[in-house]
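Hydrogens, waters and symmetry mates play no part in the numbers below; they use all other heavy atoms, side chains included.
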Amino acid sequence: MNKSKRFFPISPYPTVAKVSEGITYDRLRKPTGVKIEFVTQDIYVVELYTNEVKVYSQSADYRFSFPLSTDRVDILGPYSLALHDWLVFVSDYDKSIVSVFSLHGDFVTSFNRGLYRMLYAKGITTDSQGDLYVCDSGNNRVVAYTHSLPLTFQYLHH
C-alpha cells in the first residue's frame with residue numbers, strides 16, 4: 001500500500017491531510033477547526049462529519065481521536081476549538097454551547113447559561129491567561145469568559 005503524507009503549514013486555512021488507499025479512521029472529513037498544542041506541537045482538528053476531534057503529530061501522523069458526543073454531552077454541530085493548558089474547548093453551533101474536554105478527550109463540562117446565553121456559538125479562542133472568547137453570531141457579539149478558579153467561568157463584559 002502506497003501512503004503519502006501532506007502538511008500545509010503556510011495555508012491561510014491550515015490543513016492536515018494524510019492520504020492513503022481506501023477509507024481509514026485517520027482521514028479528515030469536513031474539518032471545521034484546527035489548533036496546535038503548545039507543548040507537544042500536536043495538531044487538534046475538529047470534524048463536523050464524524051463529530052470528533054482528531055489529533056495528529058507535527059508530521060501529520062494520526063495519533064488518536066475522541067468523540068464529541070458522550071453520555072454526558074451531545075454535540076451536534078462542532079464548529080471550532082481552542083486549547084489552553086490541559087483543556088480543549090469546542091464550540092457547538094447547533095446547540096449554542098461550549099464543551100470542555102481534556103487533551104486526551106475526557107469530558108469535563110459544558111456551558112451556556114445565565115444572562116448572557118449564546119445563540120449559534122462559532123469561533124472560539126483563548127488568551128495567555130486562559131480567558132475564553134466565543135463568537136456569538138446569533139447575538140452579534142463576542143462573549144468573553146474568565147476563570148479565576150479552574151472551570152468556573154463568568155461573563156466578563158458586553
Side-chain angles (χ1 to χ4, degrees), residues 11-18 23 25-57 60 62-158:
S11 167
Y13 302 101
T15 305
V16 175
K18 185 173 181 179
I23 297 174
Y25 59 88
D26 60 348
R27 191 173 191 181
L28 289 174
R29 301 191 62 193
K30 295 194 180 186
T32 57
V34 62
K35 292 291 187 268
I36 309 297
E37 201 278 321
F38 179 72
V39 175
T40 64
Q41 295 296 297
D42 282 345
I43 302 161
Y44 283 69
V45 181
V46 64
E47 282 193 322
L48 179 62
Y49 186 82
T50 60
N51 203 24
E52 63 186 5
V53 171
K54 291 186 177 177
V55 182
Y56 297 84
S57 69
Y62 174 81
R63 289 191 187 266
F64 64 92
S65 61
F66 57 88
L68 295 175
S69 291
T70 69
D71 58 342
R72 296 176 60 199
V73 67
D74 187 25
I75 294 180
L76 298 176
Y79 192 85
S80 188
L81 76 160
L83 305 174
H84 185 74
D85 290 338
W86 57 275
L87 298 175
V88 178
F89 300 88
V90 178
S91 64
D92 184 341
Y93 180 80
D94 289 343
K95 294 182 86 175
S96 299
I97 63 171
V98 173
S99 292
V100 186
F101 298 85
S102 74
L103 288 175
H104 298 289
D106 299 316
F107 175 73
V108 178
T109 190
S110 62
F111 58 91
N112 183 18
R113 54 189 167 270
L115 181 60
Y116 302 103
R117 288 186 65 84
M118 293 176 290
L119 181 62
Y120 305 122
K122 286 187 116 178
I124 187 170
T125 193
T126 58
D127 63 18
S128 62
Q129 305 301 312
D131 295 337
L132 181 70
Y133 301 86
V134 183
C135 289
D136 180 5
S137 63
N139 291 312
N140 300 310
R141 64 185 178 183
V142 173
V143 180
Y145 297 89
T146 185
H147 68 286
S148 54
L149 298 172
L151 307 179
T152 304
F153 293 94
Q154 299 170 318
Y155 182 74
L156 259 181
H157 48 72
H158 65 281

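Between H104 and F66, every side-chain heavy-atom pair lies at or beyond the 4.5 Å cut-off. Looking at L103 and V88, their side chains come closer than 4.5 Å, going by heavy atoms from C-beta outward. In this structure, the side chains of Y56 and D42 stay at 4.5 Å or more apart for every pair of heavy atoms. Residues L68 and V90 form a side-chain contact, since some pair of their non-hydrogen atoms from C-beta on lies under 4.5 Å apart. No side-chain heavy atom of D136 sits less than 4.5 Å from a side-chain heavy atom of V142. Residues Y44 and E37 meet the side-chain proximity criterion, which asks for heavy atoms closer than 4.5 Å. Side-chain contact between V134 and M118 is present, with at least one heavy-atom pair separated by less than 4.5 Å. Contact annotation: the side chain of L83 never approaches that of T126 to less than 4.5 Å [non-hydrogen atoms, C-beta and beyond].
Across every non-hydrogen atom of H84 and S128, the tightest pair is CE1-O, 3.6 Å. V108 and S102 make their closest contact through CG2-N, 3.9 Å (heavy atoms, listed as atom of the first residue, atom of the second, distance).
Summarising the geometry, atom CG belonging to L48 is positioned 6.0 Å from atom OG1 belonging to T32; distances are rounded to the nearest 0.5 Å. Separating the OH atom in Y62 from the NZ atom in K54 is a distance of 6.5 Å, to the nearest 0.5 Å. Rounded to the nearest 0.5 Å, atoms SG (C135) and CD1 (I124) are 9.5 Å apart.
Taking the six-membered ring for Trp, Y145 and Y133 have ring centres at least 6.0 Å apart.
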**Request:** For V39 and W86, run side chain to side chain contact (heavy atoms under 4.5 Å, CB included): C-alpha distance rounded to whole Å, both residues' side-chain angles, the deciding distance at 0.1 Å, then the answer.
**Result:** CA-CA 10 Å; V39 175; W86 57 275; over 6 Å; no
Atom pairs and distances, side-chain donor-acceptor, residues 74-82, under 3.5 Å, sequence neighbours left out:
from, atom 1, to, atom 2, distance (Å)
D74, OD1, S69, OG, 2.7

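Sorted pairs that involve residues 87-96 and meet side-chain hydrogen bond (donor to acceptor under 3.5 Å, both in side chains), not counting sequence neighbours, are lacking altogether.
In this structure, D127 contributes its side chain and Q129 its backbone to a donor-acceptor pair below 3.5 Å.
Considering only residues two or more places apart in sequence or on other chains, Y49 meets the side-chain contact (heavy atoms from CB on, under 4.5 Å) condition with R29, K30.
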